[in-house]
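Heads up, the thing below is written out as structure tokens.
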Amino acid sequence: MDPQTPPSVPPPPRRNWWQRNWKWFVPSGCLVILLACAAFVFIIIGLLFGVLKSSDAYKTALARARSDPRVTSSLGSPIEPGFLISGNANVNGASGQADLSIPISGPKGKGTIYVVATKQAGEWTYTKLIVEVDKDHQRIDLSKQ
């Protein structure tokens with residue numbers, strides 16, 4: 001060996017895939033997991049609201065509110081339902097019950113339809129079907145139609 005040349009230093013060992021890529025893989029993996037959980041929650045919520053919106057009690061209550069002249073004069077026309085329905089509807093064949101709170105709005109204001117109904121022998125009977133207008137808290141009874 002030549003005294004002038006330094007001894008050769010072996011190259012550092014090549015890092016494996018995980019050692020090279022963990023800095024982007026871990027945050028990306030966490031983000032994918034969070035997005036999947038959020039998508040799952042939104043799908044479940046959408047399905048639940050879809051079931052409530054497909055019930056006969058919901059459809060009838062909204063149709064009565066849209067056709068009532070007292071409601072359209074207070075809220076304007078067209079009357080549109082809100083997204084966040086609360087309550088429950090339980091239908092089992094020809095019987096069932098519903099207790100719903102349906103937000104509605106029109107060009108002149110907002111309100112809420114309150115529905116309490118039971119279904120017997122395939123026919124809905126509305127114990128309460130009231131529209132409460134938000135601006136003046138006027139209550140319009142729609143159960144007499």
Side-chain angles (χ1 to χ4, degrees), residues 6-145:
S8 66
V9 177
R14 181 166 164 82
R15 298 184 309 167
N16 64 24
W17 183 90
W18 179 253
Q19 291 171 331
R20 291 188 316 266
N21 298 303
W22 74 270
K23 291 179 183 177
W24 66 265
F25 185 78
V26 170
S28 298
C30 292
L31 182 63
V32 166
I33 291 170
L34 286 174
L35 289 175
C37 290
F40 178 74
V41 167
F42 283 120
I43 287 170
I44 295 298
I45 289 172
L47 287 173
L48 290 175
F49 286 133
V51 167
L52 287 177
K53 286 185 175 186
S54 68
S55 71
D56 291 335
Y58 172 88
K59 291 176 184 177
T60 302
L62 189 58
R64 284 191 188 180
R66 285 178 170 161
S67 66
D68 190 279
R70 298 169 295 173
V71 176
T72 55
S73 70
S74 293
L75 300 180
S77 183
I79 293 176
E80 297 297 328
F83 180 71
L84 295 175
I85 304 166
S86 60
N88 63 59
N90 183 14
V91 179
N92 188 7
S95 64
Q97 60 85 24
D99 186 358
L100 302 172
S101 176
I102 307 165
I104 56 173
S105 63
K108 294 181 183 178
K110 295 180 180 184
T112 306
I113 305 172
Y114 295 104
V115 181
V116 177
T118 56
K119 184 179 183 181
Q120 293 177 337
E123 185 176 322
W124 284 98
T125 304
Y126 293 88
T127 310
K128 288 199 187 294
L129 183 52
I130 297 171
V131 173
E132 183 174 353
V133 179
D134 286 353
K135 63 182 173 190
D136 58 3
H137 298 288
Q138 173 189 8
R139 294 176 74 95
I140 302 168
D141 188 0
L142 303 177
S143 61
K144 305 285 190 279
Q145 291 182 351

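Because the structure is a prediction, the values reported are computed rather than measured.
Proximity of Arg66 to Pro81: side-chain heavy atoms (C-beta onward) are separated by under 4.5 Å at one or more points. Looking at Ile45 and Val41, their side chains come closer than 4.5 Å, going by heavy atoms from C-beta outward.
In this structure a side-chain-to-backbone donor-acceptor pair under 3.5 Å is missing from Asn92 to Ser95. Between the Gln19 side chain and the Asn16 main chain, a donor and an acceptor come within less than 3.5 Å of each other. Remark: side-chain polar atoms of Thr72 are paired, donor with acceptor, to backbone N or O of Asp68 under 3.5 angstrom. For the pair Arg15 (side chain) and Arg20 (backbone), a donor-acceptor distance under 3.5 Å is absent. Distance alone, capped at 3.5 Å, places no donor-acceptor pair between the Thr60 side chain and the Ala57 backbone. Of the possible donor and acceptor atoms, none in the side chain of Lys110 sits under 3.5 Å from a partner among the backbone N and O of Val133. Counting only distance, with no hydrogens or angles, the side chain of Ser67 and the backbone of Arg64 share a donor-acceptor pair below 3.5 Å. Not one N or O on the side chain of Arg70 forms a donor-acceptor pair closer than 3.5 Å with the backbone of Ile140.
Taking all atoms of both residues into account, the shortest heavy-atom contact from Leu62 to Ile104 is CD1-CG2, 4.0 Å. In terms of heavy-atom proximity, Val51 sits nearest to Ser54 at O-OG, 2.9 Å. Between Ser55 and Leu100, the closest heavy-atom pair is OG-CD1, 4.3 Å. Contact detail for Val131 and Ala65: the closest heavy-atom pair is CG2-CB, 4.1 Å.
Atom-to-atom distance recorded for Leu35:CG and Cys37:SG is 9.5 Å, nearest 0.5 angstrom. One finds the CD1 atom of Ile79 at 9.0 Å from the OG atom of Ser105 (value rounded to the nearest 0.5 Å). Atom CZ of Phe40 is separated from atom CD1 of Ile43 by 8.0 Å, given to the nearest 0.5 angstrom. Atoms OG and NZ, on Ser77 and Lys108 in that order, are 9.5 Å from each other to the nearest 0.5 Å. Atoms CG and NZ, from Asn90 and Lys119 in turn, are 11.0 Å apart once rounded to the nearest 0.5 Å. The distance from atom CH2 of Trp22 to atom OG of Ser28, rounded to the nearest 0.5 Å, is 12.5 Å.
More than 12 heavy atoms of other shown residues, nucleotides or ligands fall within 6.0 angstrom of atom CD in Glu80.
Remark: Val116 pairs with Asp99, Thr127, Lys128 by the side-chain contact (heavy atoms from CB on, under 4.5 Å) rule, at least two apart or across chains. When the side-chain contact (heavy atoms from CB on, under 4.5 Å) test is applied to Ser101, the partners found at least two apart in sequence or on another chain are Ser86, Thr112, Tyr114. Here Phe83 pairs with Phe49, Lys53 under the side-chain contact (heavy atoms from CB on, under 4.5 Å) rule; sequence neighbours left out. With sequence neighbours excluded, the residues that form a side-chain contact (heavy atoms from CB on, under 4.5 Å) with Ala61 are Ile102, Ile113, Val115, Leu129. Partners of Arg139 according to the salt bridge (Lys or Arg N to Asp or Glu O under 4.0 Å) rule, which considers only residues two or more places apart in sequence or in another chain, are Glu132. For Trp17, the side chain to side chain donor-acceptor pair (under 3.5 Å) test picks out no residue, with sequence neighbours left out.
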>> Working note: Trp124 + Val91, criterion side chain to side chain contact (heavy atoms under 4.5 Å, CB included); need CA distance, chi angles, decisive distance, verdict.
In response: CA-CA 11 Å; Trp124 284 98; Val91 179; 3.8 Å; yes
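No hydrogens or angles considered: a donor-acceptor pair under 3.5 Å links the side chains of Trp24 and Asn21.
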